[in-house]
Amino acid sequence: MTAPEPKIERYGHVEGPGRPTMSLGVAQGDWISICTTAKNRPAGAEDQTRQIFAAFDGYLAQAGTDKSKLLTAQVWLRDMADYDAMNAAWNDWIDPANPPTRSCMRADMARPDTLVEIRITAVR
């Protein structure tokens, strides 16, 4: 007898005219993946990053975990000139005792007012 597959949980379902249909967070078993951008995009890169981290805190809590359980993060910036602003917010938010691996790259964004997009992987 085989064990049943763990249930897939989805957080922050997005859909609408001109928007992709997706979940901002997905969890299965002990693994959680979350990827999002800021909702208030006229804000600067540091504020957009802080908005993303506030969303992450909420999705991680829904999944029964927190930022101390991060494994990896991928950061996309529209302009590498925003690196220091993003990094200031990162250093304020991250659990310094449990930092994940991280990559950061410049990318063309789907929306011109999006300055930062971040994806994290965590465990419960």
Side-chain angles (χ1 to χ4, degrees):
M1 181 172 178
T2 56
E5 285 290 316
K7 177 182 146 189
I8 297 174
E9 303 161 38
R10 300 182 193 282
Y11 309 100
H13 186 81
V14 175
E15 65 180 84
R19 299 180 73 182
T21 300
M22 64 184 170
S23 295
L24 301 178
V26 177
Q28 182 187 37
D30 288 336
W31 290 88
I32 299 102
S33 177
I34 306 167
C35 186
T36 194
T37 60
K39 291 186 182 204
N40 178 11
R41 285 189 278 279
E46 184 172 347
D47 187 54
Q48 284 192 22
T49 304
R50 291 182 191 284
Q51 290 179 53
I52 291 167
F53 292 150
F56 285 169
D57 286 337
Y59 293 132
L60 289 167
Q62 286 180 26
T65 192
D66 60 54
K67 62 188 171 188
S68 72
K69 302 287 195 307
L70 293 181
L71 300 175
T72 188
Q74 296 167 309
V75 179
W76 294 273
L77 297 174
R78 186 183 75 181
D79 186 335
M80 289 307 283
D82 290 328
Y83 179 82
D84 289 340
M86 176 280 302
N87 214 40
W90 172 273
N91 286 333
D92 286 346
W93 179 74
I94 202 69
D95 178 350
N98 298 291
T101 64
R102 186 182 92 175
S103 58
C104 183
M105 60 222 88
R106 190 198 63 77
D108 292 333
M109 300 295 191
R111 298 179 65 132
D113 55 353
T114 298
L115 305 178
V116 182
E117 183 168 353
I118 303 174
R119 177 179 180 218
I120 58 171
T121 303
V123 294
R124 296 185 214 249

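Worth knowing before you read on, the calculation uses all heavy atoms, side chains too, and leaves out hydrogens, waters and symmetry mates.
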Inset, instruction - Treating Ile, Leu, Val, Met, Phe, Trp and Tyr as nodes and any side-chain heavy-atom pair under 4.5 angstrom as an edge, say whether Leu60 and Leu71 lie in one connected cluster. - result: no
Legend entry - Straight-line distance of Phe56 CZ to Ile118 CD1, nearest 0.5 Å: 5.5 Å
Legend entry - Gap separating the CD atom of Glu9 from the OG atom of Ser23, nearest 0.5 angstrom: 11.5 Å
Legend entry - Considering all heavy atoms, the nearest Ala43-Leu115 contact: O-CD1, 3.7 Å
Inset, instruction - Describe, in one word, how the ring planes of Trp93 and Phe53 are oriented to each other, choosing from parallel (under 30°), tilted (30 to 60°) and perpendicular (over 60°). - result: parallel
Legend entry - Under 3.5 Å donor-acceptor, Glu46 side chain and Met86 backbone: no
Legend entry - Donor-acceptor pair, side chain of Thr65 and main chain of Val123, under 3.5 angstrom: yes
Inset, instruction - Salt-bridge test for Arg50 and Asp92: reply yes if a basic N is under 4.0 Å from a carboxylate O, no otherwise. - result: yes
Legend entry - Heavy-atom side-chain contact between Pro100 and Asp95 under 4.5 Å: no
With a cut-off of 3.5 Å and sequence neighbours excluded, list every side-chain donor-acceptor pair involving residues 31-40.
from	atom 1	to	atom 2	distance (Å)
Ser33	OG	Arg119	NE	3.2
Ser33	OG	Arg119	NH2	3.2

Inset, instruction - Check for a donor-acceptor pair, side chain of Gln74 on one end and backbone N or O of Thr121 on the other, with a separation under 3.5 Å. - result: no
Inset, instruction - Give a yes or no answer on whether the side chain of Arg124 reaches the backbone of Ala63 with a donor-acceptor pair at less than 3.5 Å. - result: yes
Legend entry - Minimum heavy-atom distance between Ala45 and Val116, given as atom pair plus value: O-CG2, 3.8 Å
Legend entry - Arg78 side chain vs Ala107 backbone, donor-acceptor pair below 3.5 Å: no
Legend entry - From Leu77 atom CG to Thr49 atom OG1, the distance as rounded to the nearest 0.5 Å: 7.0 Å
Inset, instruction - Identify the heavy atoms of Asp57 and Lys67 that sit nearest to each other, and give their distance. - result: OD1-CD, 4.3 Å
Inset, instruction - List the atom of Thr114, the atom of Arg41, and the distance in Å for their closest heavy-atom pair. - result: OG1-CD, 2.9 Å
Inset, instruction - Please test Tyr11 against Val26 for side chain to side chain contact (heavy atoms under 4.5 Å, CB included), starting from the C-alpha separation and ending with a verdict. - result: CA-CA 6 Å; Tyr11 309 100; Val26 177; over 6 Å; no
Legend entry - Straight-line distance of Met105 CE to Met80 CE, nearest 0.5 Å: 9.0 Å
Legend entry - Side chain proximity check, Val14 to Leu24, heavy atoms < 4.5 angstrom: yes
Inset, instruction - Rounded to the nearest 0.5 Å, what's the gap from CG on Asn87 to CG on Asp82? Could you check? - result: 12.0 Å
Legend entry - Trp90 six-ring face occupied by Arg102 cation (under 6.0 Å, within 45°): yes
Legend entry - Interatomic spacing from SG in Cys104 to OH in Tyr83 - rounded to 0.5 Å: 6.0 Å
